Amino acid sequence: MSQAPSRTVVVLAAGEGKRMKSATPKMLQPLLGRTLLGHVLAVAPAIGADRTVVVVGHKADEIGAFVAEVAPGATPVLQAEQNGTGHAVRIALDATPDLTGTVVVLSGDVPLLRAETVEALLATHEKAGAAATVLSAEVDVPGGLGRIIRGADGNLERIVEAKDASDEQRRIREINSGIYVFDAALLREALGKLSTDNAQGEEYLTDVFGILASQGHPVAIEVAEFAYETLGCNDRAELAKLRVLMRDRVNEAWMRAGVLLLDPATTWIDVTATLEPDAVVDQNSQILGTSSVATGAVIGPDTTLIDTAVAEGATVLRTHSIGALVGPQATVGPFSYLRPGTKLGRKSKIGGFVEAKNAELGDGAKVPHLTYVGDATIGAKANIGAGTIFANYDGVKKHHTTVGEAAFVGSDSVLIAPVEIGPGAYVAAGSAVQKNVGAGELGVSRAQQRNIEGWVARKRPGTASAEAASKAANITPEQE
Ligand code: UD1
Ligand code: CA
């Protein structure tokens, strides 16, 4: 039985990326929900790779740990000294002597590359029966990138590094993206012939093309349809440009899928987040991590969702939310803070200036104003008055509070956990509740009010208050 030739992805990720000037390695810099390297690793399964090899070097432990986490099936290979891209691939192939078939080489710092583009490269490679195929791109400013040298027939002759190029070659605007497909056996053989006789004293992977071409093996070029996909990034200014390009690409895809983005230029959606048609995102909002927004939900303006699921028809306005579930037609905000474990039932409400943590609100339950709800279960249709504090922490441990269905908690109450307010129970405003309140009972816990007659006239004579009080006393006697 014949099998399709195996497809291996080799990701080059050993370089240092000094110009990022960051304690975080360049490969692990974040970009819309993944690291740079994370985006590149995601291409491998998308093109059906049988195997992924990642060449690590600079900060190998940190990057190796990241690879083990996000691509556990990948094989890390250590390139202790970074002697060039050819050296990196040679070390990868030396470490995998059984590797045959097709090898796709990707750069760990080229995160915008789509699987579709690699598929197009593979198709060109296969159609041409090529030994090696390079993804090129036409750019306005080729700068320090390698140049594609074509012969009179238009075929690839070789790739020249900018530092080794003549002035005339430097004027060529077709550049080498650093993305390639090779026949494994021919690549292995050609890598054995690389020299370091060049401007940088490195083993250039690009020289493989000249070597194979001069041996009469067919080599091919696929010109990228979208040159920006081949952009790498060396410093934070370049990273910021990639971020904008990716944001626009992600936003465009969601808009074409039926999502209403009112201001795409200020809307940031991680590649790991999902939205349904007719979801609405207003300006200055971020939909991050594993967040999801269902149809008819309105997010923002000025809202950040992190790992938060918003159900259909819900509204989340000027809110920061992490690890929360917002139920159907629930409303949140403005100016509220949802923390992990918050679960809001259907048509429930979290109003303005409310913080909720590990708090479950039943259907139609309301926490409309200025409240902290920590470690609580609030029954359906219960109402929590303005300024209520769920005092969940005794200084050592956290405790739970339960508020029953349709209970009513008066404003400015403190519910001192652990405590239970029964179904349909009331708590008088201003109470500090330490004892359970049974179903249908009124819990009152505050000092009796007493009014001391004439106190202002005696203790605050000559003040505006005393004057107002005396005026009131003169005007009102007939009414008493
Ligand atoms: C390389 C190409 C150049 C191309 C450019 C595209 C060579 C000789 N030149 O440039 O033609 O236009 O990419 O970006 O290949 N890496 C290692 N080990 C090393 C050296 C590099 O793993 O020893 C990794 C880097 O981490 C990076 C990738 O290989 O992910 C490319 O390296 P980089 O130094 O950016 O590319 P250049 O060699 O400058
Ligand atoms: Ca580069």
Side-chain angles (χ1 to χ4, degrees), residues 9-20 25-29 35-41 43 53-60 62-64 66-67 76-95 104-113 132 134-139 141-149 156 158-165 169-170 172-180 182 187 190-191 194-211 221 224 227-235 238-239 242:
V9 169
V10 174
V11 180
L12 304 188
E16 178 167 7
K18 240 187 231 155
R19 281 177 283 165
M20 279 292 159
K26 168 160 107 172
M27 299 292 163
L28 302 189
Q29 294 288 332
T35 64
L36 298 186
L37 180 56
H39 284 286
V40 177
L41 289 171
V43 170
V53 178
V54 186
V55 180
V56 296
H58 177 72
K59 298 222 172 153
E62 205 176 325
I63 293 172
F66 171 78
V67 172
V77 172
L78 181 68
Q79 185 195 23
E81 272 180 67
Q82 285 83 60
N83 295 329
T85 49
H87 180 246
V89 175
R90 187 156 65 77
I91 282 185
L93 294 202
D94 286 350
V104 177
V105 174
L106 305 178
S107 254
D109 62 350
V110 180
L112 298 183
L113 184 72
V134 58
L135 182 69
S136 76
E138 293 276 358
V139 298
V141 186
L145 295 168
R147 307 297 201 270
I148 300 291
I149 311 295
L156 179 63
R158 58 203 176 96
I159 301 170
V160 174
E161 290 308 291
K163 284 185 177 139
D164 300 294
Q169 288 170 331
R170 254 190 280 265
I172 296 173
R173 294 193 299 110
E174 184 178 16
I175 57 88
N176 167 27
S177 69
I179 313 295
Y180 322 89
F182 299 99
L187 172 62
L191 285 171
L194 292 182
S195 84
T196 54
D197 185 13
N198 52 51
Q200 300 178 77
E202 289 180 353
E203 290 181 37
Y204 289 167
L205 179 58
T206 44
D207 284 349
V208 163
F209 284 84
I211 291 169
I221 306 173
Y228 81 90
E229 278 186 48
T230 68
L231 288 172
C233 92
N234 292 306
D235 59 27
E238 287 175 6
L239 181 54
L242 295 194

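Note that the coordinates shown come from a computational prediction; the quantities given were computed from them, not determined experimentally. Just so it is clear, the values below take in all heavy atoms, side chains as well, and ignore hydrogens, waters and symmetry mates. Both counts, for ligands and for their atoms, begin at 1 and track the order of listing.
Of all the atoms in ligand 1, the ones that sit under 4.0 Å from a non-hydrogen atom of Met27 are 26 (O), 30 (O). With ligand atoms numbered from 1 in the order given, ligand 1 contributes 3 (C), 4 (C), 11 (O), 12 (O) to contacts under 4.0 Å with heavy atoms of Gly146. Set against the non-hydrogen atoms of Ser107, the atoms of ligand 1 under 4.0 Å away are 27 (C), 28 (C), 30 (O), 31 (C). The ligand atoms of ligand 1 that sit less than 4.0 angstrom from a heavy atom of Gly108 are 30 (O). Short contacts between ligand 1 and Tyr204, defined as distances under 4.0 Å to a heavy atom of the residue, involve ligand atoms 8 (C).
Put simply, OG1 on Thr35 and CZ on Phe66 are 3.0 Å apart, with the number rounded to the nearest 0.5 Å. Separating the CD atom in Glu161 from the OG1 atom in Thr206 is a distance of 4.0 Å, to the nearest 0.5 Å.
Counting heavy atoms under 4.0 Å from ligand 1, residue Glu161 touches it through the side chain alone. The proximity of Ala14 to ligand 1, defined as any non-hydrogen pair under 4.0 Å, involves the side chain as well as the backbone.
Residue-ligand proximity: Ile175 is placed with every non-hydrogen atom at 4.0 Å or more from ligand 1. For Gly232, the closest heavy-atom approach to ligand 1 does not fall below 4.0 Å. The closest approach between Gly57 and ligand 1 stays at or above 4.0 Å for every heavy atom of the residue.
No donor-acceptor pair closer than 3.5 Å links the side chain of Arg173 to the backbone N or O of Pro142. Put simply, the side chain of Arg147 never gets that close to the backbone of Val160: no donor and acceptor are under 3.5 Å apart.
In terms of polar-atom proximity, Ile159 is not counted as a contact of ligand 1, lacking any N or O under 3.5 Å from an N or O of the ligand. Where the criterion is an N or O separation shorter than 3.5 Å, residue side chain and backbone included, Asn176 meets it with respect to ligand 1. Not one N or O of Val55 is nearer than 3.5 Å to an N or O of ligand 1, by distance alone. At least one N or O atom of Gln79 sits closer than 3.5 Å to an N or O atom of ligand 1.
Nearest heavy-atom pair, Leu242 versus Gly232, reported as atom, atom and distance to 0.1 Å: CD1-O, 3.9 Å. Across all their heavy atoms, Met20 and Asp235 have their closest contact at CE-O, 3.4 Å. The minimum heavy-atom distance linking Ala60 with Leu78 is given by the pair CB-CD1, 3.6 Å. The two residues Leu36 and Pro111 have their closest heavy-atom pair at CD2-CG, 3.7 Å.
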Take Gln79 and His87, measure what side-chain hydrogen bond (donor to acceptor under 3.5 Å, both in side chains) needs, and give me the verdict at the end.
-> CA-CA 8 Å; Gln79 185 195 23; His87 180 246; 2.9 Å; yes
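Selection from Ala88, Gly84, Gly15 by nearest heavy atom to atom 23 (O) of ligand 1 gives Gly84.
Taking 4.5 Å as the limit, some side-chain heavy atom of Glu174 sits within range of a side-chain heavy atom of Ile221.
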